[in-house]
Asker: 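Quick one: structure below, then a few questions.
As the structure is a computational prediction, the values presented were derived from the model and not from experiment. Numbering of ligands and ligand atoms starts at 1, following listing order. FYI, side chains are in, hydrogens and waters are out, and symmetry mates aren't considered; it's all heavy atoms of this structure.
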Amino acid sequence: MIKVEGYSGKARATTITTEHGEIKTPIFMPVGTRASVKCMWQEDLYEMNAQIILGNTYHLYLRPGHELIEKVGGGLHGFMNWDKPILTDSGGFQVFSLSDINKITEEGVTFSSHIDGSKHLISPEKSMEIQKGLGSDIVMAFDECPKLPATKDTLRESMELTLRWAKRCIDYKLRDYQKLFGIVQGGLHKDLRTECMQRLEEMDFPGLALGGLSVGEKNEEMVDFLNDFVHTMPDQKPRYLMGVGKPLDILNGIRAGIDMFDCVLPTRNARNGQFLTHDGPLNIKNLRFREDTLPADPSCDCKVCKTYSRSYIRHLYTTGEFLAGNLITYHNLYFMIKMTQDARQAILDDRFDDYYKEFYNRYTSRKW
Ligand code: PRF
Ligand code: ZN
């Protein structure tokens, strides 16, 4: 399912093939939790060259339900009319971060819905059943994601549970075209991570993800871990860093050898007025932009930056016009996708380190 096209240091460019098309990596995947990338038309996403989007088992199971999505659309692709690849997260992480957990047992996780308080059990089999109904191209195993810091004993126990759940996931019959990714847990301990990865490798998942990062540890600890670990992952399988992150985290991940990323920040922060720019994040609420006629990011060639001034978008934002969220989201996703495309080209030209340094220096040199 993967063709590795080249390395520049540990960074790599690949093509991943799925039922709904190819993904050129490194890639940022916009998050469409509830079958919508918030504020975006699918057309906008095609236009900015989004190659794959993400959906969430937990949310779609609760509303509108995977049965309805399957009945009405034959799956998520038909339901939302998106014909490129889709990856769905398994619900494990969202159950832990959003719901009132009642208990975690060998069987699965019992929780109360964040919407109406109703009680549910998601087990590895239930997560697979939901993701089968959704028909995503890439299905994630059901895992437990402990918050950091945690003791090594806790991390080991959690990792063992994740491995037993992984086995139940891989034994479940999905649709023929669906690819199931295993999730490596184990905190910041290289020995636990290596053991977890080897035991997942014995089950032979077609792709591997790193979970349990960006969950309370220092940023530097995550980056050190990635530099130390990612290059030991199997060469001929996609490598996905889950829920990470900010632009510099992604560049650091690419430098360590990660292929795929997702994060809600570019879309969520957009709705709080934050533009990502080559000179660092900029908040449009700031009074200094009141009469500023420049585009949000003068180095960006997206249609928002070609059309509108900071002053105008600030006005939209401060008066509560919905267009503001739409414009900022569009730019931010364009920015993330362009950044990974430029990184890919730099890898193919074997000049990734120069690209990294240039981006990093400019991004960190100016404070708005
Ligand atoms: N597991 C799953 N989804 C996730 C994570 C995880 O550990 C994270 C952690 N950064 C984000 N999304 N299943
Ligand atoms: Zn722009």
Asker: Can you list the atoms of ligand 1 that are under 4.0 Å from a heavy atom of I183?
Answerer: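 The list of qualifying atoms is 13 (N).
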Asker: Between the side chains of E19 and R175, is the shortest nitrogen-to-carboxylate-oxygen separation below 4.0 Å, so that they form an ion pair?
Answerer: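 No, no charged N to carboxylate O under 4.0 Å.
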Asker: Less than 3.5 Å between some nitrogen or oxygen of V215 and one of ligand 1, yes or no?
Answerer: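 No; the residue has no nitrogen or oxygen that sits under 3.5 Å from a nitrogen or oxygen of the ligand.
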Asker: What is the closest protein heavy atom to atom 7 (O) of ligand 1, and at what distance does it sit?
Answerer: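 Protein heavy atom with the smallest distance to atom 7 (O) of ligand 1: G212 N, 2.8 Å.
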Asker: Nearest heavy atom to atom 9 (C) of ligand 1 wins, so pick from N56, L213, D89, L54.
Answerer: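 Nearest heavy atom to atom 9 (C) of ligand 1 lies in L213.
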Asker: Determine, using heavy atoms of S214 and all atoms of ligand 1, whether some pair is separated by less than 4.0 Å.
Answerer: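 It does not, in that no heavy atom of S214 comes within the 4.0 Å cut-off of ligand 1.
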Asker: State whether a side-chain donor-acceptor pair under 3.5 Å links D116 with S118.
Answerer: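 Judged by distance alone, the side chains do pair up.
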Asker: Whether the R362 and S299 side chains hold a donor-acceptor pair (N or O, under 3.5 Å, no angle test) is what I'd like checked.
Answerer: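 Yes - a donor-acceptor pair under 3.5 Å links their side chains.
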Asker: In H331, which N, O or S atom comes closest to the Zn ion (ligand 2)?
Answerer: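 Output for this pair reads ND1.
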Asker: Assess G92 for proximity to ligand 1: is some non-hydrogen atom of it under 4.0 Å away?
Answerer: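 Checking ligand 1 against G92, which is what was asked, there is no heavy-atom contact under 4.0 Å.
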Asker: Does a sphere of radius 6.0 Å around CZ in R268 hold more than 12 heavy atoms from other residues, nucleotides or ligands, not counting ones at 6.0 Å or beyond?
Answerer: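 Open.
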Asker: Considering heavy atoms of the protein only, find what lies nearest to atom 12 (N) of ligand 1 and give residue, atom and distance to 0.1 Å.
Answerer: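 Looking at atom 12 (N) of ligand 1, the protein heavy atom closest to it is F93 CD2, 3.4 Å.
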Asker: Which ligand 1 atoms are under 4.0 Å away from a heavy-atom of G211?
Answerer: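 The atoms of ligand 1 under 4.0 Å from a heavy atom of G211 are 6 (C), 7 (O).
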Asker: Can you tell me the protein heavy atom closest to atom 6 (C) of ligand 1 and the distance?
Answerer: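 Among all protein heavy atoms, the one nearest atom 6 (C) of ligand 1 is D143 OD2, 3.7 Å.
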Asker: When you check the gap from the basic side-chain N to the acidic O, do E202 and K167 get nearer than 4.0 Å?
Answerer: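 A salt bridge is absent here (no side-chain N lies under 4.0 Å from a carboxylate O).
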Asker: With heavy atoms of S90 as the reference, note each atom of ligand 1 found under 4.0 Å away.
Answerer: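 Result: 13 (N).
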Asker: Please confirm whether the ring centroid of H315 lies under 6.0 Å from the ring centroid of Y308.
Answerer: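 H315 vs Y308: aromatic centres not under 6.0 Å.
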Asker: For T15, which of K24, K3, E22 qualifies under side chain to side chain donor-acceptor pair (under 3.5 Å)?
Answerer: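 Looking at K24, K3, E22, the match for T15 under the side chain to side chain donor-acceptor pair (under 3.5 Å) is K24.
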Asker: Okay, side chain of T25, backbone of I27: is any donor-acceptor separation there less than 3.5 Å?
Answerer: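 Not confirmed, T25 side chain does not pair with I27 backbone.
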Asker: Heavy atom under 4.0 Å from ligand 1: found in Q185's side chain, backbone, both, or neither?
Answerer: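 The answer is the side chain.
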